[in-house]
**Student:** 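Can you keep this structure in mind? I'll have questions shortly.
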Amino acid sequence: MTVYFIGAGPGAADLITLRGARRLAACGVCLYAGSLVPRELLAECPPDARLIDTARMDLDGITAELVRAHEEGHDVARLHSGDPSVFSAVAEQMRRLDAAGVPYEVVPGVPAFAAAAAALKRELTVPTVGQTVILTRVAQQATPMPPGEDLATLGKSGALLVLHLAARYADRVVAELLPHYGPDCPAAVVAMASRPDELVLRGTLSDIADRVREAGVVRTAVILVGRTLGAEQFGDSHLYSAERDRGGEDGHGGDGGRTHGC
């Protein structure tokens with residue numbers, strides 16, 4: 001049978017993809033992170049499905065449940081918040097399944113940074129202002145950052161930074177980015193993105209840490225720092241320009257997926 005690593009989305013139950021919901025509805029076993037995945041999603045599981053909250057389980061325990069379900073002939077839904085491609089701890093689970101000979105599939109989901117951008121009503125890439133987005137986090141005692149991926153180094157790029165798992169370290173984030181972005185650089189924090197208790201904090205590097213502290217935000221939040229957050233005066237994208245040669249293109253520009261044609 002197959003293990004499906006399913007991105008449950010950033011919080012709102014209706015932001016799971018159609019494919020994710022269909023896979024969930026067909027699996028006899030579902031492992032989910034109870035502290036992060038909305039309980040409403042579990043209603044998509046078959047009525048007789050075995051539901052396992054992994055919030056207090058370690059990697060060995062989770063792997064054992066996945067292998068057990070496979071051996072019993074069940075497809076397994078492994079629900080992860082956001083999208084499995086970033087900060088999901090899916091890599092080590094897939095490595096264990098490879099060793100055990102258990103097949104798996106990854107179903108993408110809406111990532112937290114996309115939900116945060118939607119809450120802010122901002123495009124993170126803006127023509128002539130910024131075309132690069134860096135997804136990262138800050139070093140913690142348990143999991144240090146690899147060499148060259150510290151904020152001081154990444155900040156030299158001037159790109160829009162999206163920091164996961166960093167709200168409790170807002171003061172450190174500000175201190176490391178101020179030399180590169182300046183105190184007037186737009187910054188924002190979105191907590192519980194897409195959920196009923198969503199909280200959006202807007203400011204600059206000079207005051208965003210104070211706003212985070214006053215709001216009591218310590219988890220389930222992303223920090224965004226960059227000039228595109230406040231961009232108002234910028235050139236229109238070439239994608240829909242009246243001057244663009246559209247000979248032979250389809251109705252969407254035919255640019256192979258580029259959002260701001262070169």
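Values below: all heavy atoms of this structure, side chains included; hydrogens, waters and symmetry mates excluded.
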**Student:** Hey, does Cys185 have a side-chain heavy atom less than 4.5 Å from the side chain of Val225?
**Tutor:** yes

**Student:** So, the side chain of Asp53 versus the backbone of Gly34: is there a donor-acceptor pair under 3.5 Å, distance only?
**Tutor:** yes

**Student:** Is there a donor-acceptor contact under 3.5 Å from the side chain of Ser35 to the main chain of Ala55?
**Tutor:** no

**Student:** OG of Ser157 to CD1 of Ile134: how many Å apart, nearest 0.5 Å?
**Tutor:** 3.5 Å

**Student:** Got a second to check how far Thr220's OG1 is from Met192's CE, nearest 0.5 Å?
**Tutor:** 4.0 Å

**Student:** Do you know the tightest heavy-atom contact between Ile208 and Ala188?
**Tutor:** CD1-CA, 4.1 Å

**Student:** If only atom types and distance count, is the side chain of His180 paired as donor or acceptor with the main-chain N or O of Ala152 below 3.5 Å?
**Tutor:** yes

**Student:** So which atom in Tyr181 and which in Arg227 form the shortest heavy-atom distance, rounded to 0.1 Å?
**Tutor:** O-NH2, 2.8 Å

**Student:** Ignoring hydrogens and geometry, is there a side-chain-to-backbone donor-acceptor pair from Asp207 to Thr204 under 3.5 Å?
**Tutor:** yes

**Student:** Does Ile16 sit in a hydrophobic cluster with other residues, and if so which ones, taking ILVMFWY side chains as linked at heavy-atom separations under 4.5 Å, directly or through other members?
**Tutor:** Tyr4, Ile6, Leu24, Tyr32, Val37, Leu41, Leu42, Leu51, Leu79, Val107

**Student:** To the nearest 0.5 Å, what is the distance between CD (Gln93) and OH (Tyr104)?
**Tutor:** 11.0 Å

**Student:** Would a distance-only check, ignoring hydrogens and angles, find a side-chain to backbone donor-acceptor pair under 3.5 Å from Thr228 to Leu124?
**Tutor:** yes

**Student:** Taking the basic N atoms (NZ, or NE/NH1/NH2) and the acidic carboxylate oxygens, is any pair closer than 4.0 Å for Glu72 and Arg50?
**Tutor:** yes

**Student:** For the pair Asp98 and Arg95, find out whether any cationic side-chain nitrogen is under 4.0 Å from an anionic carboxylate oxygen.
**Tutor:** no

**Student:** If you measure from CD on Glu123 to OG1 on Thr125, what distance do you get to the nearest 0.5 Å?
**Tutor:** 4.0 Å

**Student:** So that I can tick it off, tell me whether Arg23 and Glu105 are bridged by a salt bridge, with the cut-off set at under 4.0 angstrom between side-chain N and carboxylate O.
**Tutor:** yes

**Student:** Do Arg211 and Val189 come close enough that some side-chain heavy atom pair is under 4.5 Å?
**Tutor:** no

**Student:** Can a donor-acceptor pair be found, under 3.5 Å and without considering hydrogens, that links the side chain of Thr17 to the backbone of Gly20?
**Tutor:** yes

**Student:** Spell out, as yes or no, whether a donor-acceptor pair under 3.5 Å connects the side chain of Asp83 to the backbone of Val110.
**Tutor:** no

**Student:** How close do Leu15 and Ser194 get, heavy atom to heavy atom, and via which atoms?
**Tutor:** CD1-CB, 3.7 Å

**Student:** Please report the interatomic distance CZ(Phe87) to NE2(His80), rounded to the nearest 0.5 Å.
**Tutor:** 15.0 Å

**Student:** Determine whether a donor-acceptor pair (N or O, by modelled atom type, separation under 3.5 Å) exists between the side chain of Arg122 and the backbone of Gly230.
**Tutor:** no

**Student:** Strictly by modelled atom types, are His70 and Glu65 linked by a side-chain donor-acceptor pair under 3.5 Å?
**Tutor:** no

**Student:** Would you say Asp150 and Thr153 are linked by a side-chain donor-acceptor pair, where the criterion is simply a distance under 3.5 Å?
**Tutor:** yes

